[in-house]
Protein chains: 2
Amino acid sequence: MKTDPHSHTHHYTAEELRALFSRKGLRTTRQREIVLCELTRCNSHPTAEELLAAVREIDPDISQATIYNTLEAFVGCGIARRISSTLAGGACRYDADMGEHVHLVLEDGRVMDVPMDLSKQILDAVPESVLQELSQRVGFELSGIKIELLGH
Amino acid sequence: MKTDPHSHTHHYTAEELRALFSRKGLRTTRQREIVLCELTRCNSHPTAEELLAAVREIDPDISQATIYNTLEAFVGCGIARRISSTLAGGACRYDADMGEHVHLVLEDGRVMDVPMDLSKQILDAVPESVLQELSQRVGFELSGIKIELLGH
DNA sequence: TTTGATGCAAAGACTTTGCATGCTT
DNA sequence: AAGCATGCAAAGTCTTTGCATCAAA
């Protein structure tokens, strides 16, 4: 898998990780440090299974349950995002890049990041006024927007 | 699954169904007629399981495998769409309303349609030029856009 | 010390598959 | 008649759970 020259993945220091987890109300554990590091390091969008494999190259004793628990915790507190699994046979994919961006989902299940400049143009184009209108009309608070372009 | 008396969804005649399937290269079967009718009738966004239940109220002998086969076929030829299952514990949901529209996905897994006027405003706001630029840059043809607003 | 996190294995949920039979074209 | 579609049940894949143990706060 190739490196995307437009992606700029942040590398956390141990200190930053500790601060981040603490701020989110999560305990700092060796497993979580490794999971988040690997999730940001491989700037693909791994499935739980792929992430487990990556993580086990660093610590072979980390369990599958921990991967799922951890990803759930990360998603729950906004450290990571779950990406589409709407293509047949799909496992969920995960993303730790919290800069809002658009995903390009290929028919075979691969997921790529849309380069930041284009992502911004797309996201900024969505009229704030429409979102407010919608929020009022349906009575739900909007907490995010997810845009996927489908490609082949 | 409940019937929504206020639904504006189109109701297919037997003729229309036959024509639609034929045009898409699918054979017309009793099962497919029922599945598509139910999928359009209940304007919620059922999971395969929910749809199976609805369909079985009409014909109790329709099998689970047929539901999955049929939905796969419908999605493959553009008769139906698969909607996000990115929330934990999620089964895929399906939608037969082919007018492009935006979905509002709640944290508990429920999916609602964003009203057509607002959906249009959001979708129309995405700059065509950016999509073309992206298509060129990544070398994939874009075949669709999926926008989900997250709410709670 | 207290409480949340981990690891293990089993269970659960969701989807796909193989194959014999039936139905559409 | 030919070939796709169906039904059944089993298998497969992905995810969650119960519980004893361990570690962070």
Side-chain angles (χ1 to χ4, degrees), chain A residues 14-15 17-36 45-53 55-56 58-77 79-80 82-94 108-109, chain B residues 14-15 17-36 45-53 55-56 58-77 79-80 82-94 108-109:
Chain A
E15 266 324 301
L17 282 175
R18 175 169 296 277
L20 175 59
F21 290 146
S22 172
R23 190 170 354 114
K24 298 292 188 178
L26 301 176
R27 289 186 175 175
T28 302
T29 68
R30 178 175 43 80
Q31 290 88 339
R32 285 175 176 168
E33 290 171 347
I34 296 173
V35 169
L36 186 48
H45 299 88
T47 61
E49 190 184 7
E50 290 165 352
L51 188 56
L52 176 61
V55 156
R56 281 190 168 162
I58 296 174
D59 180 341
D61 296 332
I62 289 178
S63 76
Q64 191 200 42
T66 294
I67 297 294
Y68 281 102
N69 286 339
T70 302
L71 286 172
E72 179 65 23
F74 285 179
V75 169
C77 74
I79 292 178
R82 224 187 301 267
I83 313 174
S84 192
S85 73
T86 51
L87 308 192
C92 285
R93 293 182 171 277
Y94 294 85
D108 60 12
Chain B
E15 267 323 302
L17 283 175
R18 177 169 296 276
L20 175 60
F21 289 147
S22 173
R23 192 174 348 119
K24 298 293 189 178
L26 301 177
R27 291 185 173 178
T28 302
T29 67
R30 179 175 42 81
Q31 291 87 340
R32 284 175 178 170
E33 288 171 349
I34 296 173
V35 169
L36 186 47
H45 299 87
T47 61
E49 190 185 8
E50 290 165 351
L51 189 55
L52 176 61
V55 156
R56 280 189 168 163
I58 296 175
D59 181 341
D61 296 331
I62 289 178
S63 78
Q64 191 199 43
T66 294
I67 296 294
Y68 279 103
N69 287 339
T70 302
L71 286 172
E72 180 64 24
F74 285 179
V75 169
C77 73
I79 292 178
R82 225 187 299 267
I83 312 173
S84 189
S85 72
T86 50
L87 309 193
C92 286
R93 293 181 172 277
Y94 294 86
D108 61 11

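Just so we're on the same page: letters track the sequence lines, and every chain starts at 1.
- Contact annotation: B:Y68 reaches the phosphate of C:dT15 (side-chain N/O to OP1 or OP2, under 4.0 Å).
- Protein atom OH of B:Y94 is 10 Å distant from nucleotide atom C1' of C:dC14, rounded to whole Å.
- Remark: C1' of D:dT13 and CD of A:E50 are 14 Å apart, rounded to the nearest angstrom.
- Scanning for side-chain contact (heavy atoms from CB on, under 4.5 Å) contacts around B:Q64 gives B:L52, B:Y68, with sequence neighbours left out.
- End-to-end axis angle of the helix from C:dT1-D:dA25 to C:dT25-D:dA1, from C1' rotation axes over five pairs per end: 50° (rounded to 10 degrees).
- The salt bridge (Lys or Arg N to Asp or Glu O under 4.0 Å) search around A:R18 returns none, not counting sequence neighbours.
- Judged as a salt bridge (Lys or Arg N to Asp or Glu O under 4.0 Å), and not counting sequence neighbours, B:R27 has no contacts.
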With B for base contact, S for sugar-phosphate-only contact and - for none (protein heavy atoms under 4.0 Å), nucleotides 18-25 of chain C reads ------BS

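- Between the CG atom of A:L52 and the P atom of C:dC8 there is a distance of 11 Å, rounded to whole Å.
- Of the candidate nucleotides C:dG7, C:dA5, D:dT6, D:dT6 has the atom nearest to the side chain of B:R32.
- For the side chain to side chain donor-acceptor pair (under 3.5 Å) test, no residue two or more places apart in sequence or in another chain qualifies with B:R56.
- Rounded to a whole Å, the CG atom of A:D61 is 15 Å from the C1' atom of D:dA23.
- Across all strands shown, A:Q64 has heavy atoms under 4.0 Å from base atoms, whether or not it also approaches the sugar-phosphate.
- With sequence neighbours excluded, the residues that form a side chain to side chain donor-acceptor pair (under 3.5 Å) with B:S63 are B:T66.
- If you take CG of A:L17 and P of D:dA24, they are 14 Å apart, rounded to a whole angstrom.
- Rounding to whole angstrom units, CG of residue B:D59 and C1' of D:dA5 are separated by 14 Å.
- Distance CD1 (B:I62) to C1' (D:dG7): 11 Å, rounded to an integer number of Å.
- With sequence neighbours excluded, the residues that form a side-chain contact (heavy atoms from CB on, under 4.5 Å) with A:L17 are A:Y12, A:F21, A:E33, A:L36, A:C37.
- Distances shorter than 4.0 Å separate some side-chain N or O of B:T66 from OP1 or OP2 on D:dG7.
- Within the 4.5 Å cutoff, the side chain of A:R82 has heavy atoms near those of the A:Y94 side chain.
- Interatomic distance, CZ of B:R23 versus CG of B:L20, reported as 5.0 Å (0.5 Å rounding).
- Taking atom CD on B:E72 and atom P on C:dT17, their separation rounds to 9 Å, with Å as the unit.
- Taking A:T29 as the reference, nothing meets the side chain to side chain donor-acceptor pair (under 3.5 Å) condition, with sequence neighbours excluded.
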